[in-house]
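Below: the structure, in structure tokens.
A, B, ... follow the sequence lines: proteins, then strands. Residue 1 opens every chain. These figures come from a predicted structure and were not determined experimentally.
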There are 2 protein chains.
Amino acid sequence: MASRTVLEREQTWTIAQIAEEFAITHRAVRHYEELGLISPERRGTVRVYHRRDRTRLALILRGKRLGFPLEEIRTIIDLYDAPRGRRSQLEYVLTQIDERRADLEARRRDLDEALAELTTFEARCRADLAR
Amino acid sequence: MASRTVLEREQTWTIAQIAEEFAITHRAVRHYEELGLISPERRGTVRVYHRRDRTRLALILRGKRLGFPLEEIRTIIDLYDAPRGRRSQLEYVLTQIDERRADLEARRRDLDEALAELTTFEARCRADLAR
DNA sequence: ATCCTGCTTTACGTTAACGTAAACGTCAAG
DNA sequence: CTTGACGTTTACGTTAACGTAAAGCAGGAT
């Protein structure tokens, strides 16, 4: 029993460690919490972060890099650990997944287009240079 | 000479037509102008838009869909019709292109990652559903 | 006991990207 | 010649995503 508690005691982090590791400010971390994107444990008044929170933070930051607003990011990552008990809920989640996929694929088309233009433009520049 | 002027008279658009076509407001169009992203001709006090402006607007909106800030979008599309006269300028433009490409490819990695996760998540949901 | 360090809340400030009047010019139609 | 229908400038309002003090608690070191 003693070894069990030791082995299963999962690691936690402070807000400073989290901020440091993800290269953001504590203010930003709390802001994400205010918007309901993460909800760390409270020990008394102090925030304690678990692996779950780190996972969500990684998703948040990737969402930001992709240019999504925080509110939208929230609905997305909430989707990932939504209760998928009843059949109706599962079906709802599946439709949401489809919407998300459509959005992401549209973005990828834009992105590939931009990259393609960049390539042909570079070719023109190199041609000018070789002149 | 008469046919020449008729044939070469290039088409122009009003701000209302532009806004309509791109599904944005006239206010947004003027905002982009204030930030120097487009610079339509002036006939007296009135704005006259040419094909060039439409091209830039398309680039602006795609940049927005990709989540870039307008200031950054400006530097990007300015790059496209920067003067590439002197060799030094061409070389500068080429380095800029490389930076842009790196940025876009990083985004694509994020995007593909997100899509992959979505796919495995969907599989889990479908499995749950088939239970 | 006090001091420092880290954490907390509260609250006002800031930047970006427009929205939203307000108030005025203009030109073709009635 | 007076409406409209568009166009223009000026300017203040709004939302998102934090930044930036300010002021206070809490626990370990001296």
Quiz item: Hey, does the Lys NZ or Arg CZ of B:Arg65 hover above the aromatic six-ring of A:Phe68, less than 6.0 Å from the centre and inside 45° of the axis?
Solution: no
Under a 4.5 Å side-chain heavy-atom rule over Ile, Leu, Val, Met, Phe, Trp and Tyr, are A:Val48 and A:Ile24 clustered together? no
If each end axis of the helix from C:dA1-D:dT30 to C:dG30-D:dC1 is fitted on five C1' pair positions, the angle between them, to 10 degrees, is 20°
Checking salt bridge (Lys or Arg N to Asp or Glu O under 4.0 Å) for the pair A:Asp110/A:Arg107: CA distance, chi angles, key distance, verdict? CA-CA 5 Å; A:Asp110 275 333; A:Arg107 265 162 193 272; over 6 Å; no
Point to revise | Heavy-atom side-chain contact between B:Ile97 and B:Leu94 under 4.5 Å | key: yes
Original post:
Do you see a donor-acceptor pair shorter than 3.5 Å between the side chains of B:Arg101 and A:Thr119?
Top reply: yes
In the 5' to 3' direction, the nucleotides of DNA chain C bounding the stretch that comes under 4.0 Å of a heavy atom in chain A are C:dC7 to C:dA11
Expected list for residues 49-66 of chain A near DNA chain D, using heavy atoms below 4.0 Å, is A:Lys64
Sequence neighbours excluded, the answer for side chain to side chain donor-acceptor pair (under 3.5 Å) partners of A:Arg62 is B:Glu113, B:Glu117
Do B:Arg52 and B:Asp81 make a side-chain contact, defined as non-hydrogen atoms from C-beta onward lying under 4.5 Å apart?
yes
Any sub-3.5 Å donor-acceptor pair from A:Asp53's side-chain atoms to A:His50's backbone N or O?
yes
For this session: Start with the C-alpha gap between A:Arg87 and A:Glu91, add the side-chain angles, then the distance that decides, and say whether salt bridge (Lys or Arg N to Asp or Glu O under 4.0 Å) holds.
Result: CA-CA 6 Å; A:Arg87 173 180 206 85; A:Glu91 278 161 354; 3.4 Å; yes
With sequence neighbours left out, the residues meeting ring-ring contact (aromatic ring centres under 6.0 Å, His included) with B:Tyr92 are none
Numerically ordered, the residues 31-44 of chain B set in heavy-atom contact under 4.0 Å with DNA chain C is B:His31, B:Tyr32
Solution key, residues 123-131 of chain A side-chain donor-acceptor pairs under 3.5 Å, sequence neighbours excluded:
residue, atom, partner, partner atom, Å
A:Arg126, NE, A:Glu122, OE2, 3.3
A:Arg126, NH2, A:Glu122, OE2, 3.0

Please list, pair by pair, any protein nitrogen or oxygen found under 3.5 Å from a nitrogen or oxygen in nucleotides 4-7 of chain D.
residue, atom, partner, partner atom, Å
D:dG7, OP1, B:Thr14, OG1, 3.1

Residues passing the side chain to side chain donor-acceptor pair (under 3.5 Å) test with B:Arg42, sequence neighbours excluded, are B:Glu33
Those residues at least two apart in sequence (or on a different chain) that pass side chain to side chain donor-acceptor pair (under 3.5 Å) with A:Arg51 are none
Taken in chain and number order and not counting sequence neighbours, the residues that satisfy side chain to side chain contact (heavy atoms under 4.5 Å, CB included) with A:Arg74 are A:Leu37, A:Glu71, A:Asp78
Only pairs under 3.5 Å count here: list side-chain donor-acceptor contacts from residues 12-23 of chain A, not counting sequence neighbours, and write none if there are none.
residue, atom, partner, partner atom, Å
A:Thr14, OG1, A:Ala16, N, 3.2
A:Thr14, OG1, A:Gln17, N, 3.2
A:Gln17, OE1, A:Thr14, N, 2.8
A:Glu21, OE1, A:Arg54, NH1, 2.7
A:Glu21, OE2, A:Arg54, NH1, 2.6
A:Glu21, OE2, A:Arg54, NH2, 3.0

